[in-house]
Amino acid sequence: GSGGSENSGEEGGMNLLEDGKLTYASSGLYKPFSFEEGGDLQGFDVEIGAAIAEEMGLEPNPVTSPWETIIQSLLGNKFDAVIGSMSITKERAERVAFSDPYYYSGGMIFVPEGSDIQGAEDLEGKRIGVVAQSTYDEAAQEYTDDIKYYNSDVVALKDLTVEGRLDAVITADVVGFEAISSGMAIQEVGEPLWVEQPAFAVRPEDEELLAEMDKALDAIIENGTYAEISEKYFGRDLLDVDLEGITILE
Amino acid sequence: MMEFLQTMLEVIKRTAPGFLEATVLTLQVTAVALVLGTLLGLVFALMKISKSKILQTIANIYITIIRGTPLIVQIMFLYFGITAVIILDAFWAGAIALGIHNGAYIAEIFRGAIQSIDKGQREASMALGMTRGQSMKRIIFPQALKRSIPPLGNQFIITLKDSSLVYIISVSELFAVANRDAAQSYQPFETYLVVGLYYLVLVMIFTAILRWYEGRLNVDK
Amino acid sequence: MMEFLQTMLEVIKRTAPGFLEATVLTLQVTAVALVLGTLLGLVFALMKISKSKILQTIANIYITIIRGTPLIVQIMFLYFGITAVIILDAFWAGAIALGIHNGAYIAEIFRGAIQSIDKGQREASMALGMTRGQSMKRIIFPQALKRSIPPLGNQFIITLKDSSLVYIISVSELFAVANRDAAQSYQPFETYLVVGLYYLVLVMIFTAILRWYEGRLNVDK
Amino acid sequence: MLKATNLHKSFGKLEVLKGIDLEVQPSEVVVLVGVSGSGKSTLLRCFNFLERINQGSIEIDGQVIDAKKQKLSQVRAEVGMVFQHFNLFPHKTVLENVIEAPIVVKKENKETAIAKGKALLEKVGLADKADVYPSKLSGGQKQRVAIARALAMEPKALLFDEPTSALDPELVGEVLAVMKQLAEEGMTMVVVTHEMKFAREVADRIIMLDEGVIIENTDPKTFFENPSNERTRQFISLVE
Amino acid sequence: MLKATNLHKSFGKLEVLKGIDLEVQPSEVVVLVGVSGSGKSTLLRCFNFLERINQGSIEIDGQVIDAKKQKLSQVRAEVGMVFQHFNLFPHKTVLENVIEAPIVVKKENKETAIAKGKALLEKVGLADKADVYPSKLSGGQKQRVAIARALAMEPKALLFDEPTSALDPELVGEVLAVMKQLAEEGMTMVVVTHEMKFAREVADRIIMLDEGVIIENTDPKTFFENPSNERTRQFISLVE
Ligand SMILES: Nc1ncnc2c1ncn2[C@@H]1O[C@H](COP(=O)(O)OP(=O)(O)OP(=O)(O)O)[C@@H](O)[C@H]1O
Ligand SMILES: Nc1ncnc2c1ncn2[C@@H]1O[C@H](COP(=O)(O)OP(=O)(O)OP(=O)(O)O)[C@@H](O)[C@H]1O
Ligand SMILES: [Mg+2]
Ligand SMILES: [Mg+2]
């Protein structure tokens, strides 16, 4: 737990929950971005958050929050920022302030192995699983009314392997690939539907904090820390993508 | 205050279509769970009071496990566990998990009611030449059933509220819909207040029906 | 079968560090909820049996609302609602929500126990010249308290299981940690089975302590 | 008619009946007395196999009953029992209480059972209460219904376990009157009671139990005026 | 000592006492009889203000008690009551039962209370049970403790509501003996009982209640041998 001395003098207007600490949240159910293994919270988002905090001279304090309520919790002062693969959308931007994107991610359709679904056009009227309050929810609504909501992408993907429960899951490509490489009997369909831009989210009034975080992001990209973390989890640099000809989700 | 009421009215209006639809699902899950739970409860209650040690043990294990673990764990376990055997969609998985959960509690209600019947009743019927079975069927059980009605009614209300937990396996009942609305609208306070009202009204209706029914039963005799 | 046991053993080993840590949190949330619930329960029970209509009404409203809405809605409402007033971290918000929830049930336990004391006790004490207050404090309440212990014990066990719901406001108790493990290991079936075992063992320990304590109480007198 | 030979009965380590020998002749009325806990109820219940005996034997109508070989429910149907707390079936009307066993146990047809049941209610003076539920009756009325219910099975003997102790004093008489009438009609009866007046007037024999042993077994006159045992004398002085 | 004038008491629409006039002299023993529901308990409870009266007045020691002005708990402390079901405090030992009220109500100091309590237990023959819990006592012993408990408040009068009806017959005597002793010592007593032998021997006066009205108020001899009312005669024939 983290008790609440708000506004501290030292960090000026950064309005941190705890002095000298950057408390940032992810769902913890989004392997390989945020997950818990052996009691430790880890993953790409968690390490990026740590690097950002250190760059800002703060102690990193990663926490988890169920995705459905993560924005409510941010606005309710439960933590300082979301560093949890939250993509920039217009609707979210009305409530929170976003940093620059910190990676690009493809929204991808996954189906059970051997499914007849060949592409997005086959999704018409099918049962699609997504995480509630995710960008994939809106995407799925374009294809079908039969949407099942989950609190974890991984659990949704697992349900794909249960015959008759789901026809497809829409989630981030990397999340699906991670599941496939762990032996789950699912496969991707076609190319990413779009590319989205996950970014750090803070309360709109925390402008100073956001500026500091943007500065820190530039710095870790510059000094190679970012590439190192990305390499560790994905074997490549996530920022290293060709954005030609692909829709960028807003 | 006026402003707050204004907001609340708006939230109620905005959420009504979705919430009412979800209410139907809540009631459906509850109904299936109750029917299944009552059947299971009856079977396990009879097992528990039977003379067979094996049947007693089976019933005890079932009841101990169900009463010893949280419902939400049972739901998750059943949803991911039962799939190895049969295919169930979320609605049925949720309703069945709730039903199995209820079964243990209802079994204890029936057993308690049966054992609460004065043992003079059994003795009197046996002294008249009835067998154990006849005595149970014609003398003990009818009285026990009547005595079970208030705690069963209570259990029904608990089930209605417990049905909120199947949201976790993506059944779009009241709480699931409220969650989505709270996140979308960024009005969690108002949304949860309204969905709480929905449950409260449902519970009060349920309670009123029960009171009326209990009253009728008492007048009958 | 062998293979299954093998897998289970591995899962138990793998999850042990995280689950044991989470068990501590589960017990802490439960303990806070129980202490708070008992205090609230006492206050509201006394209000309910008081002669003041206003106090009675307040207690009735509290109990009706708490018993008429799902715990998970109460948790969400408190966590996202109360933030407007004071800042509570998730642990305290969850424990307090659980405590307030418990208060209503414990109030009914105390009230039931007080009213179950034979009215001859009150009459005998009044006939000896005691005031209502003296009679309650010295004669009725000590007996009621003893009679409350079994249902209170039961309520304690319910609370232990209910504490699993505070996962939703991101308290890292057992069920939250199990969720995370299920999402990371791709082994939901085994994970939920193991976490179920944790709860079962806790409940059985709790139950054994209670039985022992009840036994001791009975010997005492 | 009823005969116990060397009857032993224990509850766990507590030996309640320690070798009872007792024979009841047809049409005899035997009153059983003794202080609380002496084993009176237990003895009665053994006669009706509501308790399993540990040792000894019980004969009904000259036939030894073997709990292992015989269907006890059938044996029980032959010896009726009336309880202290009536034990009427609260979910059935007075008439239904009376006809339940004949229909269920003896498979009597319903019309016959009703006709006989009504006659029995007439006999105990409750013809007008046939369609009433037991909760509406006074204690004395309840006990009279219980007697009619037992009689409906046409038992060879009737056992009474303190049939009037749960009654308000002014209601005792109506129940004793019915019992007296039955005795006069030749019913074989074993009656546990504290009503010494009834014992004196109606009993053919009075038996005193003390700590699981029969310490007095004699006619009423001798029992009250010249008991053989010191404890009997004590008991009489206490209850009279 | 105790005086009721035109006492009326209703429960809802049911008028249970319909204008009772009754005066009890100091040291007098009054036995109250009547069929179940006639209002005996209610009358006793009115004397002790466990029931509020609807009309009429009650005097204690010549002083009219006004429920609105006086602290009833203080008035109650002056008139003791012994109940049918003893109502001992099960969570307290026998001695604690006896000293509870003197300490709590009369603020007696503990040593004094214990000394007096032990003397009272001696008086009812239970000195050796002082540290035992009530659950370990027989019914007769419980009732004697209840009497000691009432005496500990040094009441001006004692009310008994069927003090022996919940007892096994062989235990009735020991309680009646204590009551008789109290009567001989000059305690003012009002006793509801069905023990006609006690009434005959100990009562100064017997009062018969019927449907909330006093229909007999006379000495025992007249009551049994020459009652003025037909219903009294009926009642006597039923209970004797
Ligand atoms: N089912 C039982 N289990 C254990 N002990 C029992 C049981 N039934 C009776 N007893 C004991 O057996 C003894 C004799 O009991 P029983 O009821 O036969 O006495 P009783 O003479 O009928 O007494 P009462 O006048 O109180 O009815 C008592 O000590 C009683 O506690
Ligand atoms: N608290 C009460 N509320 C309603 N009715 C009551 C109450 N107490 C007694 N009565 C009724 O008042 C009437 C007289 O009761 P009371 O107890 O005084 O009779 P009783 O002569 O003592 O009878 P018993 O011999 O059965 O004790 C009865 O009809 C009874 O049902
Ligand atoms: Mg007996
Ligand atoms: Mg009375």
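We name chains A, B, ... by the order of the sequence lines, and we start the count at 1 in each one. For clarity, every value in this text was computed on a predicted model and none was experimentally measured.
- Looking at B/S135, there are no atoms closer than 4.5 Å to chain D (heavy atoms on both sides), in backbone or side chain.
- Residue D/K106: no heavy atom, backbone or side chain, is found under 4.5 Å from chain B.
- No side-chain heavy atom of B/I100 sits under 4.5 Å from any side-chain heavy atom of B/Q74.
- Both the backbone and the side chain of D/R149 come within contact range of chain B, judged by heavy atoms closer than 4.5 Å.
- With a threshold of 4.5 angstrom between heavy atoms, D/L72 does not approach chain B through any atom at all.
- Using modelled atom types, one finds a donor on one side chain and an acceptor on the other under 3.5 Å when comparing B/T159 with B/N102.
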Open item on the list: Assess the residue pair B/L174 and B/S164 against the criterion (side chain to side chain contact (heavy atoms under 4.5 Å, CB included)); give the C-alpha distance rounded to whole Å, side-chain angles, the decisive distance to 0.1 Å, and a yes or no.
Closed with: CA-CA 7 Å; B/L174 265 173; B/S164 59; over 6 Å; no

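- Looking only at atom types and distance, the side chain of B/N60 has no donor-acceptor partner in the side chain of B/T57 under 3.5 Å away.
- When D/E100, D/Q84, D/M81 are compared by the number of non-hydrogen pairs under 4.5 Å with chain B, D/E100 comes out ahead.
- Both the backbone and the side chain of D/F89 come within contact range of chain B, with heavy atoms under 4.5 Å apart.
- Side-chain N/O atoms of B/Q143 and B/R147 include no donor and acceptor closer than 3.5 Å.
- Ranked by heavy-atom pairs under 4.5 Å with chain D, the first of B/R132, B/M130, B/R122 is B/M130.
- No side-chain heavy atom of D/F49 sits under 4.5 Å from any side-chain heavy atom of D/V79.
- Heavy atoms closer than 4.5 Å to chain D are found in the side chain of B/Q134, but not in its backbone.
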